[in-house]
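One-based numbering, in listed order, for ligands and for the atoms of each. Remember, predicted model here, so these are calculated numbers, not experimental data.
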Amino acid sequence: MTALVVADAAEVGPGEVKSVQVRLGPEPAVIGPPQEQGPPGTTAIVVAHTEAGEWYAIGDVCSHGPVLLSEGEFDGCTLECWGHGSRFDLANGEPENLPADQPVPTYPVFVEDGQVVIHL
Ligand code: FES
């Protein structure tokens, strides 16, 4: 796995999210703000800092359609898609309700030296 810094921890307070577009491959990099349908070889990833102080990272594009979950409601340990209302569990990427019936990817995330780091 490859570690990638996606944010300064100080810019993502409890109850906040930050999303970025990531280039995948042997030398991953943050290439800009998230896109619903980004270039091939890239993906949108959202990091979420819960009110309880936990950090999660999941794929930011809803499994049901091209909608960014980071633009939906962040409640507890879920992100709700504004498209049709499916709520995704940040811990495992699974939708809790229809219409989405497929999970989004999850990524290990940790905070080190004030930076939010994900593992790809
Ligand atoms: S696009 Fe997300 S639930 Fe339909």
Side-chain angles (χ1 to χ4, degrees):
M1 286 203 282
T2 305
L4 177 67
V5 175
V6 293
D8 287 333
E11 64 178 296
V12 190
E16 296 179 350
V17 300
K18 178 172 181 177
S19 182
V20 292
Q21 192 74 11
V22 172
R23 182 185 69 219
L24 303 172
E27 295 184 26
V30 173
I31 61 170
Q35 302 171 50
E36 294 88 348
Q37 294 171 309
T42 74
T43 193
I45 297 175
V46 55
V47 293
H49 187 189
T50 72
E51 296 283 0
E54 298 163 319
W55 291 84
Y56 295 98
I58 66 172
D60 194 15
V61 180
C62 180
S63 61
H64 182 247
V67 173
L68 294 175
L69 299 177
S70 57
E71 295 177 345
E73 187 176 340
F74 179 22
D75 183 23
C77 192
T78 64
L79 277 177
E80 181 176 303
C81 178
W82 58 261
H84 307 101
S86 288
R87 285 185 309 278
F88 290 82
D89 188 328
L90 292 166
N92 57 24
E94 295 283 345
E96 294 185 341
N97 58 307
L98 295 172
D101 61 2
Q102 297 294 316
V104 295
T106 60
Y107 305 91
V109 58
F110 58 93
V111 175
E112 185 175 87
D113 296 332
Q115 296 184 309
V116 183
V117 181
I118 61 172
H119 275 175
L120 296 167

Proximal protein heteroatoms (N, O or S) of atom 4 (Fe) of ligand 1, under 2.8 Å
His64 ND1, His84 ND1
Residues forming a salt bridge (charged side-chain N to carboxylate O under 4.0 Å, His left out) with Glu96, sequence neighbours excluded:
Arg87
I'd like to know if the side chain of Thr106 reaches the main chain of Ile58, judged simply by a donor and an acceptor atom lying under 3.5 Å from each other, with no hydrogens or angles considered.
no
Checking the side chain of Gln21 only, and the main-chain atoms of Gln35 only, is there a donor and an acceptor separated by less than 3.5 Å?
yes
Throw together a table of side-chain donor-acceptor distances under 3.5 angstrom for residues 6-18, partners on residues two or more places apart or in other chains.
unit_1, atom_1, unit_2, atom_2, d
Glu11, OE1, Lys18, NZ, 3.1
Glu11, OE2, Asp8, N, 3.0
Glu16, OE1, Gly13, N, 2.8

Co-members of the apolar cluster containing Val117 [side chain, <4.5 Å]
Val5, Phe110
Mind checking whether His49 and Trp55 have parallel, tilted or perpendicular rings, split at 30° and 60°?
parallel
